[in-house]
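The figures here come from the full heavy-atom set of this structure, side chains too, leaving out hydrogens, waters and symmetry mates. We're numbering straight along the sequence, starting at 1.
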Amino acid sequence: MKKNQTKAWLFLAPTIIFVTFFSIYPIIRAFIMSFQSGSLINLSWTGFSNYQYIFKDPEFWLAIRNTLLYALISVPVALAISILLAWLIFSKVKNKAFFETTFFMPYVTSTIAIGIVFRYIFNGEYGMLNFVLRALHLPAPNWIDDPAMSVTTIIIFGVWTSLAFNIVILMGALRNIDPNYYTIADMYGASGTEKFWRITMPQLVPTLAFLLTMNIIAAFKVYTSVYALFNGQAGVGNSATTAVFYIYNKFQMVGTPGVAMAATVVLFIIIMFVTFLQRKMMKKIGGR
């Protein structure tokens with residue numbers, strides 16, 4: 001038994017070392033740096049000054065507000081659309097593999113490349129989206145250059161980019177549902193809506209809990225989408241700045257790593273708290 005345990009630890013050792021060095025150590029290092037000021041090669045201990053700075057910085061609160069708004073809107077909307085599309089493909093479409101591959105393609109494509117394409121789609125003057133809106137006699141806002149539309153633009157882009165991963169995972173979960181449930185439901189004359197809400201949705205709760213966790217964490221870490229859509233900036237007047245963009249700006253552009261790490265610690269705590277609440281909520285839903 002002890003011999004097997006030794007072998008197990010030897011097999012686990014590379015992974016443990018990798019996780020410790022690249023995951024655990026950076027978290028500890030970021031926490032320590034949040035109490036230090038100065039350049040990256042000449043840091044000195046300054047206590048809570050960095051936290052005092054970010055809590056008084058209006059740009060930090062704008063970044064947190066934009067991030068929360070993005071997460072609260074894009075995550076549930078993307079999940080709802082993903083469930084609808086996955087269910088339609090699963091129940092109505094014959095060549096499911098083709099559609100799964102089509103939907104999964106954006107997931108393996110660079111977000112920067114997709115963002116560049118969407119930057120032209122969202123263009124206020126010649127963009128495809130506004131061309132369609134004008135054809136339908138609907139308002140055609142300036143999605144990129146209007147500060148009031150910056151967060152909305154990011155949300156639309158975020159919903160679209162998250163569909164690929166969600167749909168593929170949901171399709172796998174739908175395949176694992178025992179078809180006998182639907183056969184028995186048909187015998188009792190259940191409608192499609194009844195089968196969806198009484199059979200499909202309860203069976204999808206574990207998968208939805210996983211997707212909700214992954215989507216929330218990804219939403220709070222949104223950065224690449226902002227960078228791609230607004231050409232390396234955070235929108236006009238930093239109107240589209242997010243928590244991670246704020247951290248990047250303070251660390252790389254302004255050169256205040258201590259302030260950036262303080263913001264990182266605060267974001268880490270927010271993500272942990274929101275994830276904890278989400279998991280508690282999904283456990284209650286799954287237990288009913």
Side-chain angles (χ1 to χ4, degrees), residues 53-79 81 106-107 109-133 138-165 214-257 259-268 270-271 274:
Y53 174 85
I54 64 172
F55 289 143
K56 293 179 180 178
D57 187 4
E59 188 180 348
F60 172 75
W61 290 112
L62 175 63
I64 294 296
R65 172 189 168 276
N66 288 346
T67 304
L68 287 171
L69 194 62
Y70 174 83
L72 289 173
I73 297 176
S74 67
V75 172
V77 170
L79 275 178
I81 296 174
Y107 184 74
T109 306
S110 168
T111 306
I112 297 293
I114 298 173
I116 293 171
V117 174
F118 267 81
R119 196 159 71 228
Y120 286 100
I121 293 174
F122 282 123
N123 188 279
E125 296 180 4
Y126 52 80
M128 186 185 300
L129 180 57
N130 278 359
F131 176 80
V132 174
L133 291 174
L138 295 172
N142 194 333
W143 302 94
I144 301 295
D145 297 324
D146 184 359
M149 297 302 300
S150 297
V151 177
T152 304
T153 303
I154 300 171
I155 289 172
I156 295 172
F157 183 70
V159 168
W160 188 86
T161 53
S162 61
L163 291 180
F165 179 76
M214 298 299 293
N215 278 253
I216 287 174
I217 293 173
F220 275 97
K221 296 192 300 181
V222 61
Y223 165 78
T224 313
S225 300
V226 179
Y227 189 93
L229 284 173
F230 298 97
N231 198 24
Q233 303 298 319
V236 178
N238 284 332
S239 57
T241 188
T242 59
V244 176
F245 207 101
Y246 177 89
I247 293 166
Y248 168 80
N249 185 57
K250 293 300 180 184
F251 189 94
Q252 189 70 24
M253 307 304 294
V254 181
T256 53
V259 173
M261 292 305 102
T264 301
V265 172
V266 173
L267 178 62
F268 177 77
I270 292 173
I271 292 174
V274 173

- Message: Under a 3.5 Å distance rule, please check whether Asn238 uses its side chain to pair with a backbone N or O of Thr241 as donor and acceptor.
- Response: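 The answer is no, because no donor-acceptor pair under 3.5 Å joins these two groups.
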
Results of side-chain contact (heavy atoms from CB on, under 4.5 Å) for [X] - residues two or more places apart only:
| X | result |
| --- | --- |
| Trp160 | Pro106, Ile114, Phe118 |
| Val77 | Ile73, Ile81, Val159 |
| Val151 | Asn66, Leu69, Ile155 |
| Thr161 | Phe157 |

Set of side chain to side chain donor-acceptor pair (under 3.5 Å) partners for [X], sequence neighbours left out:
| X | value |
| --- | --- |
| Tyr53 | Lys250 |
| Thr256 | none |
| Ser150 | Ser239 |
| Tyr246 | Asp57 |

For the residue pair [X] and [Y], what are the closest heavy atoms and their distance?
| X | Y | answer |
| --- | --- | --- |
| Ile247 | Ala263 | CG1-CB, 3.7 Å |
| Pro141 | Asn130 | O-ND2, 2.9 Å |
| Ala78 | Leu163 | O-CD2, 3.6 Å |

Do [X] and [Y] make a side-chain contact, defined as non-hydrogen atoms from C-beta onward lying under 4.5 Å apart?
| X | Y | result |
| --- | --- | --- |
| Thr242 | Tyr70 | no |
| Ile154 | Ser74 | no |
| Trp143 | Ile156 | yes |
| Met261 | Phe251 | yes |

[atom1]-[atom2] distance between [X] and [Y], expressed to the nearest 0.5 angstrom:
| X | Y | atom1 | atom2 | value |
| --- | --- | --- | --- | --- |
| Ile121 | Thr153 | CD1 | OG1 | 12.0 Å |
| Asp145 | Asn123 | CG | CG | 7.5 Å |
| Tyr227 | Gln233 | OH | CD | 8.5 Å |
| Arg119 | Ile144 | CZ | CD1 | 7.5 Å |
| Ile64 | Leu267 | CD1 | CG | 6.0 Å |

In a table with atom names and distances, give each donor-acceptor pair under 3.5 Å that connects a side chain of residues 214-226 to protein atoms at least two apart or in another chain.
| from | atom 1 | to | atom 2 | distance (Å) |
| --- | --- | --- | --- | --- |
| Asn215 | OD1 | Asn166 | ND2 | 3.3 |
| Asn215 | ND2 | Asn166 | OD1 | 3.1 |
| Asn215 | ND2 | Leu211 | O | 2.6 |

- Message: Tell me if the CZ atom of Phe131 is crowded by more than 12 foreign heavy atoms within 6.0 Å.
- Response: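 It does not: Phe131 CZ has 12 such atoms or fewer within range.
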
